[in-house]
Amino acid sequence: MFDINTFSNKLKQYSEGIPEKYLSENTIKKLYTVCSELEEKSKLFNLTAITDPDEVLKKHIVDCLFLAAEIENWDKGSGKVLDVGSGAGFPSLPVAATLDDYSVTALDSTAKKIGYIKNTADLMGVTDFDAVASRAEDAAKSEMREAYDIVTARAVARLSVLSELCIPFIKVGGYFISMKGAAVEEEVKEAENAIKKLGCKFCKIVPYTISDLPDKRFLVIYKKISSTPALYPRNYSQISKKPL
Ligand code: SAM
């Protein structure tokens with residue numbers, strides 16, 4: 001792992017396109033903790049396929065900073081963000097490091113990963129942070145239903161499936177922002193029916209690229225305009241076998 005000065009310089013170098021206000025000293029310190037912890041704990045159990053520090057910086061940290069910056073472009077509401085299928089804390093931990101005045105919750109079905117995220121958030125010193133171990137389909141039937149202003153997800157499922165896992169958590173008037181790769185147009189088309197049935201409307205696709213990486217990435221944004229019918233989410237085998 002780099003020392004903090006090298007980390008800071010590299011982070012700034014790779015963050016072309018991200019406004020400077022998202023790279024304060026305080027945020028950089030927290031992001032450094034995210035990377036150090038990931039490196040340490042990856043030796044103990046499987047957290048992420050990406051382990052090279054330079055790759056972690058670009059593909060995990062900078063990628064999630066683009067999302068954090070985009071979140072602030074939409075109505076904040078009460079500032080409650082939920083990250084579905086957070087894994088090793090992406091994007092939940094970088095978002096919490098960057099957006100001080102939002103409250104962030106990470107959700108994942110793997111209790112071990114949630115334990116890791118909680119511990120890392122404590123070490124970062126983020127205060128308004130929670131991490132919940134549950135399947136999204138179950139949590140969406142609890143008091144977490146329609147309780148969040150913004151719901152995010154990265155690398156969890158195709159949009160047609162992901163929308164049923166995420167949209168039930170969003171308050172009417174809130175937003176669903178998913179992080180997608182090259183197949184974005186196809187996924188958006190395929191999810192059209194699900195999006196409508198679950199109570200959302202399409203807003204826009206925001207393209208971005210990370211310095212030194214060839215691939216284009218996208219943020220897909222939907223607004224929730226009506227309550228999700230109680231029928232959804234269905235159980236996971238139905239969702240995945242017969243997307244809406
Ligand atoms: N979002 C992280 C990232 O981009 O690095 C993790 C991506 S990982 C490929 C997918 C994660 O989603 C896994 O940690 C898995 O446990 C979680 N997951 C998949 N389906 C889920 C569900 N139905 N409810 C909750 N978590 C789920």
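When a ligand or atom number is given, it counts from 1 through the structure's own listing order.
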* To do: Indicate whether any N or O donor in one side chain lies under 3.5 Å from an N or O acceptor in the other, for Thr6 and Asp3.
  => yes
* Of all the atoms in ligand 1, which lie at a distance below 4.0 Å from a heavy atom belonging to Ser134? -> 25 (C)
* Checking Lys76 against Tyr102: charged group under 6.0 Å from the ring centre and within 45 degrees of the axis? -> yes
* Structure fact -> for atom 5 (O) of ligand 1, nearest protein heavy atom and its distance come out as Arg154 NH2, 3.1 Å
* Polar proximity ligand 1 side, Arg135 side, N/O cut 3.5 Å exclusive -> yes
* Establish, yes or no, whether the cationic atom of Lys197 lies under 6.0 Å from the six-membered ring centre of Tyr232 and within 45° of the ring axis. => no
* Which option out of Ala136, Ala157, Pro91 puts a heavy atom nearest to atom 24 (N) of ligand 1? -> Ala136
* Asked: Looking only at heavy atoms, is any part of Ser86 under 4.0 Å from ligand 1, and if so is it the side chain, the backbone, or both, or is it neither?
  -> backbone
* Asked: Is the closest side-chain heavy-atom distance between Lys59 and Ile210 below 4.5 Å?
  -> no
* Does a donor on one side chain and an acceptor on the other come within less than 3.5 Å for Lys171 and Ser78? -> yes
* Pull out every atom of ligand 1 sitting under 4.0 Å from any heavy atom of Ser109, numbered as shown with elements. => 16 (O), 18 (N), 25 (C), 26 (N), 27 (C)
* ligand 1 versus Lys113, non-hydrogen atoms closer than 4.0 Å: side chain, backbone, both, neither? -> side chain
* For Thr110, is the nearest heavy atom under 4.0 Å from an atom of ligand 1? -> yes
* Asked: Pick from Thr33, Ile50, Val56: which one makes a side chain to side chain contact (heavy atoms under 4.5 Å, CB included) with Leu38?
  -> Val56
* **Residue pair Glu146 / Thr228: nearest heavy atoms and the distance that separates them** => OE2-N, 2.9 Å
* Decide side chain to side chain donor-acceptor pair (under 3.5 Å) for Ser24 and Asn26; before the verdict, give the C-alpha distance in whole Å, the side-chain angles of both, and the deciding distance to 0.1 Å. => CA-CA 5 Å; Ser24 69; Asn26 198 17; 5.5 Å; no
* To do: List every atom of ligand 1 that sits less than 4.0 Å from any heavy atom of Gly87, numbering the atoms from 1 in the order shown and giving each element.
  => 6 (C), 14 (O)
* atom 23 (N) of ligand 1: which protein heavy atom is closest, and how many Å away? -> Glu137 OE1, 2.7 Å
* Asked: How close does the nearest protein non-hydrogen atom get to atom 9 (C) of ligand 1, and which residue and atom is it?
  -> Ala155 O, 3.1 Å
* Heavy-atom proximity to atom 6 (C) of ligand 1, best of Cys64, Gly85, Ala88, Ala106 -> Gly85
* If you take all heavy atoms of Pro94 and Leu31, which pair is closest and at what distance? -> CA-CD2, 3.8 Å
* Asked: What protein heavy atom sits nearest atom 2 (C) of ligand 1, and how far off is it?
  -> Phe90 O, 3.2 Å
* To do: Determine, considering heavy atoms only, which of Val156, Asp108, Asp63, Asp138 sits nearest to atom 15 (C) of ligand 1.
  => Asp108
